[in-house]
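First the structure, in the form of structure tokens, and then the observations on it.
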Amino acid sequence: MNYWLIKTEPGTYSWEDLKKDKRTFWDGVRNYTARNNLKAMKKGDLALYYHSVNEKAVVGVAKIVKEHYQDPTTDDDRWVAVDVVPEKELKKPVTLADVKADGRLENMILVRQSRLSVQPVKVEEFDIILGLSEG
DNA sequence: GCCAACGTTGGC
DNA sequence: GCCAACGTTGGC
């Protein structure tokens, strides 16, 4: 069981969109590091769902329901997609500022390498963020 | 809207 | 295979 963080711009595809759709394929990754992370995802893994741009906050948890396959939006076989469903909505969003303010999370890739759109998260970090969302 | 960070591309 | 130039992302 692995934990991840996936980023999206809410204007492009938000948590609300995922809830409405019930399931989506996570496509459009065009970065080798992020792609490698997609390939490492297993069915049942959980991913923090992060809104960048205006919100800059983790808003929910998504579950991986289908492991990587050819990205349907391109013929280029270098790129892959996975399928995700909404698992749990956070009671309150955990913002980037919250994460940065918590010393236990200072080594998160989200903080250290903010541009990576699909990144692994340690189980401890995952639990801390869920804890923060409880207030 | 600006700028820093970083990934990718392309020339050599 | 290296590295400079360029484009994109994302935080502020």
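In what follows, chains are A, B, ... by sequence order, proteins preceding strands, each numbered from 1. Please read these numbers as outputs of a predicted model, since none were measured by experiment.
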What is the distance from [atom1] of [X] to [atom2] of [N], rounded to the nearest Å?
{"X": "A:Arg78", "N": "B:dT9", "atom1": "CZ", "atom2": "C1'", "answer": "11 Å"}
{"X": "A:Asn31", "N": "C:dT8", "atom1": "CG", "atom2": "C1'", "answer": "11 Å"}
{"X": "A:Ile109", "N": "C:dG11", "atom1": "CD1", "atom2": "P", "answer": "15 Å"}
{"X": "A:Arg112", "N": "C:dT9", "atom1": "CZ", "atom2": "P", "answer": "24 Å"}
{"X": "A:Asn54", "N": "C:dT9", "atom1": "CG", "atom2": "C1'", "answer": "14 Å"}
{"X": "A:Leu110", "N": "C:dG11", "atom1": "CG", "atom2": "P", "answer": "7 Å"}
{"X": "A:Glu55", "N": "C:dC12", "atom1": "CD", "atom2": "P", "answer": "15 Å"}
{"X": "A:Ile6", "N": "C:dT9", "atom1": "CD1", "atom2": "C1'", "answer": "17 Å"}

query = Between the side chains of A:Thr95 and A:Asp98, does any donor sit under 3.5 Å from an acceptor?
reply =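 Judged by distance alone, the side chains do pair up.
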If you only use heavy atoms from C-beta on, which nucleotide in [options] is closest to the side chain of [X]?
{"X": "A:Tyr32", "options": "C:dC12, B:dT8, C:dG10", "value": "B:dT8"}
{"X": "A:Arg115", "options": "C:dG10, C:dC12, B:dT8", "value": "C:dG10"}
{"X": "A:Lys56", "options": "B:dT8, C:dC12, C:dG10", "value": "C:dC12"}

message = Looking at C:dT9, I'd like to know if its phosphate oxygens (OP1 or OP2) sit under 4.0 Å from a side-chain N or O belonging to A:Gln113.
response =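 Checking A:Gln113 against C:dT9: no side-chain N or O falls below 4.0 Å of OP1 or OP2.
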ask   = OP1 or OP2 of C:dT9 sitting under 4.0 Å from any side-chain N/O of A:Tyr50?
value =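 A:Tyr50 to C:dT9 OP1/OP2: no side-chain N or O under 4.0 Å.
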message = Looking at A:Asp45 and A:Ile64, would you say the former's side chain and the latter's main chain have a donor-acceptor pair under 3.5 Å?
response =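 No.
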query = Should the pair A:Trp26 and A:Tyr13 be assigned to parallel (<30°), tilted (30 to 60°) or perpendicular (>60°) ring geometry?
reply =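 Perpendicular: the ring planes of A:Trp26 and A:Tyr13 meet at over 60°.
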request  = Tell me whether the centres of the aromatic rings in A:Tyr69 and A:Trp79 are closer together than 6.0 Å.
outcome  =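 No, the ring of A:Tyr69 stays outside the 6.0 Å limit from the ring of A:Trp79, centre to centre.
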inquiry  = Are A:Leu105 and A:Leu132 packed together at the side-chain level, in the sense that at least one heavy-atom pair is separated by less than 4.5 angstrom?
reply    =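 With C-beta onward as the side chain, the pair touches.
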inquiry  = By the 4.0 Å heavy-atom rule, please label A:Leu116 as base, sugar-phosphate, or nothing.
reply    =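 No contact at all - A:Leu116 keeps every heavy atom at 4.0 Å or more from the nucleic acid.
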